[in-house]
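Heads up: the structure comes next, in structure tokens.
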Protein chains: 2
Amino acid sequence: MAARASSKTSESSDKVSVICRALRRAIIEQALEPGAKLPEDALGERFGVSRTIARHALGQLAAEGLVELRRNRIAVVATPSWQEARDAFDIRIELERLVVRQLAGKLTKAQIAELNAHVDAEDRARGGTDAVSIRLATEFHILLAHMTNSPILVRYVSEVAYRCCLTLSLYSRPHSTECAINEHRAIISALAKGDEAKVMDLMHHHLDSVANRALVAPTPQRGRDLLDILAPYADEVTSNRVVKLPKVARRG
Amino acid sequence: MAARASSKTSESSDKVSVICRALRRAIIEQALEPGAKLPEDALGERFGVSRTIARHALGQLAAEGLVELRRNRIAVVATPSWQEARDAFDIRIELERLVVRQLAGKLTKAQIAELNAHVDAEDRARGGTDAVSIRLATEFHILLAHMTNSPILVRYVSEVAYRCCLTLSLYSRPHSTECAINEHRAIISALAKGDEAKVMDLMHHHLDSVANRALVAPTPQRGRDLLDILAPYADEVTSNRVVKLPKVARRG
DNA sequence: GGACCCCAAACTGCATGCAATTGGAGCGCG
DNA sequence: CGCGCTCCAATTGCATGCAGTTTGGGGTCC
């Protein structure tokens with residue numbers, strides 16, 4: 001029996017949604033790197049809509065954590081800190097364990113075929129760019145989430161997976177995807193067998209190893225951003241904004 | 001040692017954010033029941049802003065799953081199906097287990113005092129309305145999430161907790177809160193002792209019992225909405241929208 | 001040469017206006 | 001009495017315009 005009946009997907013065909021999808025994809029394919037500026041005018045012009053719409057789209061992406069929005073400032077692609085990246089993976093592990101727990105032994109043959117077809121596509125894409133490989137790997141997990149037919153689970157898994165993609169741009173070494181593909185196959189097989197405990201374990205270790213390969217080391221200096229490094233030192237500042245560095249006459 | 005260093009909170013003081021907070025609170029206190037209409041004009045007028053801003057706020061709340069937005073239709077407070085409610089609780093259990101796992105044995109005395117103070121407040125509010133009790137109980141969980149200092153975890157726990165509040169309005173019998181308060185105290189105590197396994201179990205059963213008390217029964221007919229009941233029968237319709245019921249000449 | 005200041009360009013925050021869509025009241029018909 | 005039709009008020013979708021804020025570059029003074 002299929003895991004739940006099918007249901008309608010969210011995200012209609014608003015102009016806003018179209019822009020969101022486009023930007024999301026650009027971000028996870030790393031065409032837009034973390035920190036890239038996203039001025040409303042430019043987006044509006046590029047997508048043939050008014051600034052109002054572009055702005056709204058940015059708001060949605062900010063709600064998903066892919067974009068950072070600071071008042072009166074140009075929006076930028078989010079640059080999660082190393083710790084946030086680790087947190088995202090931790091959450092993702094729990095959510096995806098839940099996914100495979102719900103799915104174990106409940107997939108139709110058609111669904112299993114669909115999953116296998118997807119992994120085949122991942123395989124074929126191995127020659128291509130990293131960006132495409134990463135996107136396909138991510139979409140495998142989202143495909144799984146869809147099969148639970150729990151819209152909430154789909155949303156959260158998608159979001160957190162996208163965020164994890166983001167962190168790959170930041171902290172990953174050029175990575176090898178073959179093992180990930182094999183792990184995907186193992187997961188499908190365990191799902192088909194209905195071995196709940198095993199598939200949860202497989203998913204856990206799969207994501208953990210992806211995280212460990214991606215988030216190379218605590219390397220505190222790779223925080224990438226001066227502001228992150230200085231953040232702890234600015235705690236006593238009352239205002240929300242970091243104090244305007246006053247010329248730093250570095251007398252010791 | 002405190003669990004992580006402090007960090008700045010998100011959600012600035014935009015007009016949009018103000019409206020979001022107000023609506024969120026109105027929703028979780030059940031002043032706005034599921035299905036309640038939220039016309040942009042009315043909101044704008046009520047909050048003294050333009051429709052643009054109200055619209056943007058609705059977009060944010062829709063992204064959080066508290067509001068349903070259908071093209072060209074008045075926005076309404078979300079009415080999750082029974083299954084969605086159950087899914088939300090399942091996700092919530094996993095997320096909050098993660099919260100207490102990270103927190104066990106890592107809370108400062110000040111943090112423990114803060115938690116106790118909150119539960120005291122819950123206790124004092126027992127005489128008041130259900131709405132306030134529910135809000136306080138929810139805020140206890142969000143307070144816990146905050147102490148992890150993981151912004152992502154805070155966001156997801158908050159969202160899913162709010163969604164669970166929503167389902168209480170729909171499917172809950174007038175419920176008794178005392179036991180929940182005791183369970184909160186037990187969780188604090190186990191956190192202080194640092195008993196990771198135990199606190200995860202406590203949280204699990206706490207949320208599970210809340211869910212079971214709230215989601216009274218599968219009662220398939222309480223789906224509340226004709227569309228939900230008919231949804232499975234509309235699967236073969238190609239378009240996204242349900243076919244316009246053509247007068248249903250109910251010949252057998 | 002470098003620190004400081006000031007101003008214009010760029011950009012965001014928000015309100016308003018107009019066209020398109022909806023849904024419901026009213027009305028006619030079987 | 002119920003069903004279907006038409007039409008209009010209510011409402012959304014979106015673009016544009018204006019005001020306020022930030023940015024960054026050139027000129028000035030040390």
Side-chain angles (χ1 to χ4, degrees), chain A residues 10-23 35-63 67-77 225-227 239-251, chain B residues 10-23 35-63 67-77 225-227 239-251:
Chain A
S10 60
E11 185 128 303
S12 55
S13 60
D14 281 318
K15 295 194 180 184
V16 173
S17 310
V18 172
I19 297 178
C20 280
R21 270 194 292 271
L23 287 180
K37 292 183 181 179
L38 302 169
E40 298 172 358
D41 297 335
L43 293 180
E45 190 177 357
R46 182 66 191 79
F47 289 102
V49 299
S50 83
R51 218 162 51 76
T52 308
I53 303 306
R55 179 183 184 73
H56 201 96
L58 287 174
Q60 295 294 303
L61 293 173
V67 159
E68 278 167 17
L69 231 42
R70 277 136 68 220
R71 188 178 173 89
N72 282 324
R73 291 234 166 54
I74 301 179
V76 296
V77 176
D225 198 88
L226 178 65
L227 284 180
S239 150
N240 233 349
R241 89 175 44 222
V242 173
V243 64
K244 193 161 215 164
L245 300 182
K247 220 52 59 159
V248 183
R250 70 183 75 126
R251 51 195 140 157
Chain B
S10 58
E11 185 128 303
S12 57
S13 59
D14 281 322
K15 295 194 180 185
V16 173
S17 311
V18 173
I19 297 178
C20 279
R21 270 193 292 271
L23 287 180
K37 291 183 180 177
L38 302 169
E40 297 172 359
D41 295 334
L43 293 179
E45 190 177 355
R46 181 66 191 79
F47 289 102
V49 299
S50 83
R51 217 160 52 76
T52 308
I53 303 307
R55 179 182 185 74
H56 200 95
L58 286 174
Q60 296 294 304
L61 293 173
V67 160
E68 278 167 18
L69 231 42
R70 280 134 70 219
R71 188 177 172 89
N72 282 322
R73 291 235 166 57
I74 301 179
V76 296
V77 176
D225 199 89
L226 179 65
L227 283 180
S239 149
N240 233 348
R241 89 174 46 221
V242 174
V243 65
K244 193 160 214 166
L245 300 183
K247 222 49 59 150
V248 181
R250 69 182 75 121
R251 53 197 138 158

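Proteins get letters first, then strands, A, B, ... in listed order; numbering begins at 1 in each.
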Once you round it to whole Å, what is the distance between C1' of D/dT12 and CG of A/D14? 10 Å
Please confirm whether the shortest side-chain N or O distance from A/R73 to OP1 or OP2 of C/dG13 is below 4.0 Å. no
How many angstroms lie between CD in A/E45 and CZ in A/R51, if you round to the nearest 0.5 Å? 13.0 Å
Specify the separation, in whole Å, of atom CG of A/L38 and atom P of C/dA10. 19 Å
Rounded distance (Å) that lies between atom P of C/dG13 and atom CZ of A/R70: 12 Å
Indicate yes or no: at least one non-hydrogen side-chain atom of B/K15 is less than 4.5 angstrom from one of B/H56. no
For A/E68, what residues pass the side chain to side chain donor-acceptor pair (under 3.5 Å) criterion, not counting sequence neighbours? none
Please tabulate, one pair per line, each protein N/O and nucleotide N/O from nucleotides 15-17 of chain C that are separated by under 3.5 Å, including the distance.
unit_1 : atom_1 : unit_2 : atom_2 : d
C/dA15 : OP1    : B/S50  : N      : 3.3
C/dA15 : OP2    : B/S50  : N      : 2.8
C/dA15 : OP2    : B/S50  : OG     : 2.7
C/dA15 : N7     : B/T52  : OG1    : 3.4
C/dT16 : O4     : B/T52  : OG1    : 2.8
C/dG17 : O6     : B/R51  : NH2    : 3.3

Side chain of A/P39, heavy atoms from C-beta onward: which of C/dT12, D/dT11, C/dG24 has the nearest atom to it? C/dT12
What is the distance, rounded to the nearest whole Å, between atom CZ of B/R71 and atom C1' of D/dC14? 10 Å
Over how many whole Å does the gap from A/K37 atom NZ to D/dT22 atom P extend? 15 Å
Tightest non-hydrogen contact, residues B/A54 and B/V49, listed as N-CG2, 4.3 Å
Pairwise distance NZ(A/K37) to CZ(A/R73) - rounded to 0.5 angstrom: 10.5 Å
Quick one: does A/L43's side chain get under 4.5 Å of A/I19's, heavy atoms only? no
Counting only side-chain heavy atoms from C-beta out, which of D/dT12, C/dC14, C/dC11 sits nearest to A/R55? C/dC14
In Å and rounded to the nearest 0.5 Å, what is the CD1 to CG distance from A/I53 to A/D14? 8.0 Å
State the CG-CG distance between B/L38 and B/L61, to the nearest 0.5 angstrom. 8.5 Å
For A/N72 and D/dT23, give me the distance from atom CG to atom P, rounded to whole Å. 9 Å
Once rounded to the nearest 0.5 Å, what's the spacing between atom CZ of A/R70 and atom CG of A/N72? 11.0 Å
Interatomic distance where CD1 belongs to A/I74 and P belongs to D/dT21 [whole Å]: 17 Å
Identify, residue by residue, the members of residues 40-47 of chain B with a heavy atom below 4.0 Å from DNA chain D, and return them in order of residue number, or none. B/E40, B/D41
